Amino acid sequence: AAAAAATTSKEAASPSFIQLTDLCHMQRQLARAQLDNLSVDDPLLYQQVKALRVCALCQAKFSLLHRTKLCHVCERSGCKGCLTRVNIPPHMLQCAHPAGQSKVVVMCKECKACLGGVAY
């Protein structure tokens with residue numbers, strides 16, 4: 001019983017077992033902190049990002065032709081060039097998702113970089 005508990009605790013502590021919900025929480029906290037810093041460093045850009053007028057990552061202006069979308073992980077607004085569709089492997093998903101199936105989410109470049117080689 002003690003050996004099984006030790007194995008389970010090792011698996012839980014392993015960074016390769018991060019859940020998508022945990023990644024979302026961490027990235028949203030980071031995005032909020034970056035937005036707070038932006039409010040001090042560049043108040044005009046802060047207002048534009050907050051009002052979804054510019055991309056939070058590259059500061060490209062949105063228009064009727066260049067629409068805003070949100071990263072499903074960090075919830076930052078992004079342009080077409082900064083967001084991409086990513087397959088999340090089954091081991092990162094919660095049990096509510098059908099077992100053995102990956103999930104496609106829209107993700108910004110920064111969140112995708114945090115996943116490293118895990119997403120495909």
Side-chain angles (χ1 to χ4, degrees):
T7 304
T8 305
S9 66
K10 285 180 186 177
E11 288 176 355
S14 174
S16 64
F17 288 99
I18 188 168
Q19 294 290 311
L20 182 61
T21 54
D22 297 331
L23 176 67
C24 290
H25 176 73
M26 291 184 292
Q27 288 298 102
R28 287 174 186 160
Q29 296 301 320
L30 178 62
R32 284 188 194 116
Q34 289 172 342
L35 191 60
D36 288 343
N37 286 340
L38 188 61
S39 69
V40 174
D41 297 340
D42 191 345
L44 179 61
L45 182 58
Y46 168 79
Q47 291 298 327
Q48 291 176 332
V49 169
K50 195 85 167 151
L52 302 178
R53 291 189 200 127
V54 298
C55 175
L57 301 164
C58 72
Q59 286 78 45
K61 291 186 179 182
F62 296 126
S63 66
L64 291 175
L65 298 177
H66 298 101
R67 296 174 40 204
T68 181
K69 294 186 179 188
L70 294 179
C71 173
H72 289 194
V73 176
C74 65
E75 297 181 338
R76 282 185 275 204
S77 62
C79 65
K80 187 176 179 179
C82 292
L83 297 175
T84 185
R85 296 173 73 84
V86 176
N87 284 323
I88 303 297
H91 70 272
M92 290 184 66
L93 300 173
Q94 297 254 324
C95 297
H97 198 72
Q101 293 182 3
S102 62
K103 179 180 180 181
V104 178
V105 296
V106 175
M107 191 178 292
C108 70
K109 292 177 183 179
E110 290 184 14
C111 292
K112 186 176 178 182
C114 287
L115 286 177
V118 176
Y120 52 93

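What's counted below: heavy atoms across the whole structure, side chains too, no hydrogens, waters or symmetry copies. Since the model is a prediction, treat every value here as computed from it, not as a measurement. Positions are given from 1 along the sequence.
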Are Tyr46 and Val54 linked, directly or through intermediate hydrophobic residues, by side-chain heavy-atom contacts shorter than 4.5 Å (ILVMFWY only)?
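Looking at the clustering, Tyr46 is in the same group as Val54.
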Q) Are Leu70 and Met26 co-members of a hydrophobic cluster defined by side-chain heavy atoms under 4.5 Å apart? A)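 As far as the 4.5 Å side-chain criterion goes, Leu70 and Met26 are not connected within one cluster.
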How many angstroms lie between CG in Asn87 and NZ in Lys103, if you round to the nearest 0.5 Å?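 So the gap between those two atoms works out to 12.0 Å.
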* Enter the distance from Gln59:CD to Asp42:CG here, rounded to the nearest 0.5 Å. =>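 The distance works out to 8.5 Å.
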Residues which pass side-chain contact (heavy atoms from CB on, under 4.5 Å) with Gln47, listed by chain and number, not counting sequence neighbours: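 Partners of Gln47 under the side-chain contact (heavy atoms from CB on, under 4.5 Å) test: none.
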Practice prompt. Please list, chain by chain and in numerical order, all residues satisfying side-chain contact (heavy atoms from CB on, under 4.5 Å) with Cys82, sequence neighbours excluded.
Written response: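 Cys55, Leu57, Cys58, Cys79.
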Scan the side chains in residues 28-40 for donor-acceptor partners under 3.5 Å anywhere in the protein, sequence neighbours excluded, and list what turns up.
| residue | atom | partner | partner atom | Å |
| --- | --- | --- | --- | --- |
| Arg28 | NE | Val73 | O | 2.9 |
| Arg28 | NH2 | His72 | O | 3.2 |
| Arg28 | NH2 | Glu75 | OE2 | 3.4 |
| Gln34 | OE1 | Arg76 | NH1 | 2.6 |
| Ser39 | OG | Asp36 | O | 2.5 |

>> Apply the hydrophobic cluster definition, ILVMFWY joined by side-chain contacts under 4.5 Å directly or through others, and give me every member besides Val104.
In response: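 Besides Val104, the hydrophobic cluster comprises nothing; the residue is isolated.
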Side-chain heavy atoms under 4.5 Å apart, restricted to Ile/Leu/Val/Met/Phe/Trp/Tyr: what other residues fall into the cluster of Phe62, or is it alone?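 Answer for Phe62: none, a lone residue.
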- [ ] Any salt bridge (charged side-chain N to carboxylate O under 4.0 Å, His left out) involving residues 44-57? Give me the pairs, sequence neighbours left out, ordered by first then second residue.
- [x]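 Qualifying pairs: none.
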